[in-house]
Amino acid sequence: DAKTTQPTSMDCAEGRAANLPCNHSTISGNEYVYWYRQIHSQGPQYIIHGLKNNETNEMASLIITEDRKSSTLILPHATLRDTAVYYCIVGGSNTGNQFYFGTGTSLTVIP
Amino acid sequence: KAGVTQTPRYLIKTRGQQVTLSCSPISGHRSVSWYQQTPGQGLQFLFEYFSETQRNKGNFPGRFSGRQFSNSRSEMNVSTLELGDSALYLCASSNGQTLRAGNTIYFGEGSWLTVV
């Protein structure tokens, strides 16, 4: 699976949009971009995933560039409960269902 | 619909002992995978099972093993425990056969293992 690069940490003011970038320049055509987050001591929580088109659900929006080499997760109105480590993962090059996690971005939402 | 359930949530073992962790996937999911999370190594893939067969395995020693039952429930076992095995062990289940179809993976809350 293609590797991803994310900033180590980010801050965001409460109520503002949080934009978390991810680079995946070696992504191949059949690989999806997934976003998960992990609040301390809990299991990773699925947020959203996509292949080519932008995606939106009740939690977030995923913007994938046309060349698919990078993406941005947008939390439209960040709250204190959004403070977590956010993982961008590329998956689907191999058979099976497994992820290879990077180090993620530690997002802190500031009151 | 119940999520991925892992038991026990917390346990303490002594070096040299063995431990078995259990995972019940989301109803209808046939794929179960296991991950180890430590502060130093982050989240690492252990192995994945689909329909009782191990399909993929991460880079872990043979002391780490697992199995999946006909009802899709899974167990992982670690023998001859070492201090470095102290970690959060996460189980995840998926509703499809492969990520190539854009399946989603759902994680449990994990089992915290402390080896003393």
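Because only heavy atoms are used, hydrogens play no part in the values below, and waters and symmetry mates are left out as well, while side chains stay in. Chain A is the first sequence line, chain B the second, and so forth, proteins listed ahead of strands; every chain is numbered from 1.
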(message) If I measure from the heavy atoms of chain B, does A:Q45 come under 4.5 Å with its side chain, its backbone, both, or neither?
(response)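 Neither part.
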(message) For B:Y106, give me all partners under side-chain hydrogen bond (donor to acceptor under 3.5 Å, both in side chains), at least two apart in sequence or on another chain.
(response)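 For B:Y106, no residue satisfies side-chain hydrogen bond (donor to acceptor under 3.5 Å, both in side chains) once neighbours in sequence are set aside.
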Inspect the surroundings of [atom1] in [X] and state if more than 12 heavy atoms from other residues, nucleotides or ligands are less than 6.0 Å away.
X     : atom1 : value
B:R9  : CZ    : yes
B:N71 : CG    : yes
B:R63 : CZ    : yes

(message) Does any backbone or side-chain atom of B:I105 lie under 4.5 Å from a heavy atom of chain A? Answer side chain, backbone, both or neither.
(response)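 Both parts, backbone and side chain.
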(request) Using non-hydrogen atoms and a 4.5 Å limit, figure out which bit of B:Q44 sits close to chain A: side chain, backbone, both or neither. (result)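 No part of it gets close to chain A.
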(message) Let me check something: do A:M10 and A:L80 share a hydrophobic cluster, defined by ILVMFWY side-chain heavy atoms less than 4.5 Å apart, either directly or through other members?
(response)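 Yes.
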(request) Say whether B:F45 and B:F107 are linked into one hydrophobic cluster, either directly or through other cluster members, by side-chain heavy-atom distances under 4.5 angstrom. (result)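 Linked, B:F45 and B:F107 end up in one cluster.
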(message) Between A:Y36 and B:T104, does the side chain to side chain contact (heavy atoms under 4.5 Å, CB included) criterion hold? Intermediate values first, please.
(response) CA-CA 11 Å; A:Y36 284 75; B:T104 307; 4.1 Å; yes
(request) List the steps, then state whether side chain to side chain contact (heavy atoms under 4.5 Å, CB included) holds for A:Y87 with B:L43. (result) CA-CA 10 Å; A:Y87 294 99; B:L43 267 158; 4.0 Å; yes
(request) If the plane angle is over 60° it's perpendicular, under 30° parallel, otherwise tilted; pick one for B:Y35 and A:F101. (result)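 Perpendicular.
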(message) So if I take each residue of residues 46-74 of chain A and look for any heavy atom under 4.5 Å from a heavy atom in chain B, which residues do I end up with?
(response)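 Expected list: A:Y46, A:H49.
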(message) I need the minimum non-hydrogen distance between A:G43 and B:L90, along with the two atoms involved.
(response)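 The pair with the smallest heavy-atom distance is CA-CD2, 3.7 Å.
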(message) Taking transitive links into account, so neighbours of neighbours count too, which hydrophobic residues share a cluster with B:F47 at under 4.5 Å side-chain distance?
(response)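 When side chains under 4.5 Å apart are linked, the cluster holding B:F47 also contains B:L11, B:V19, B:L21, B:V32, B:W34, B:L46, B:Y49, B:F60, B:F64, B:M76, B:V78, B:L81, B:L83, B:Y89, B:L113, B:V115.
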(request) Would you please name every residue forming a side chain to side chain contact (heavy atoms under 4.5 Å, CB included) with A:A84, sequence neighbours left out? (result)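 In terms of side chain to side chain contact (heavy atoms under 4.5 Å, CB included), with neighbours along the sequence ignored, A:A84 is linked to A:R37, A:I39, A:Y86.
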(message) Please rank B:G96, B:C91, B:G102 by heavy-atom pairs under 4.5 Å with chain A and give me the top one.
(response)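 The option with the most such pairs is B:G102.
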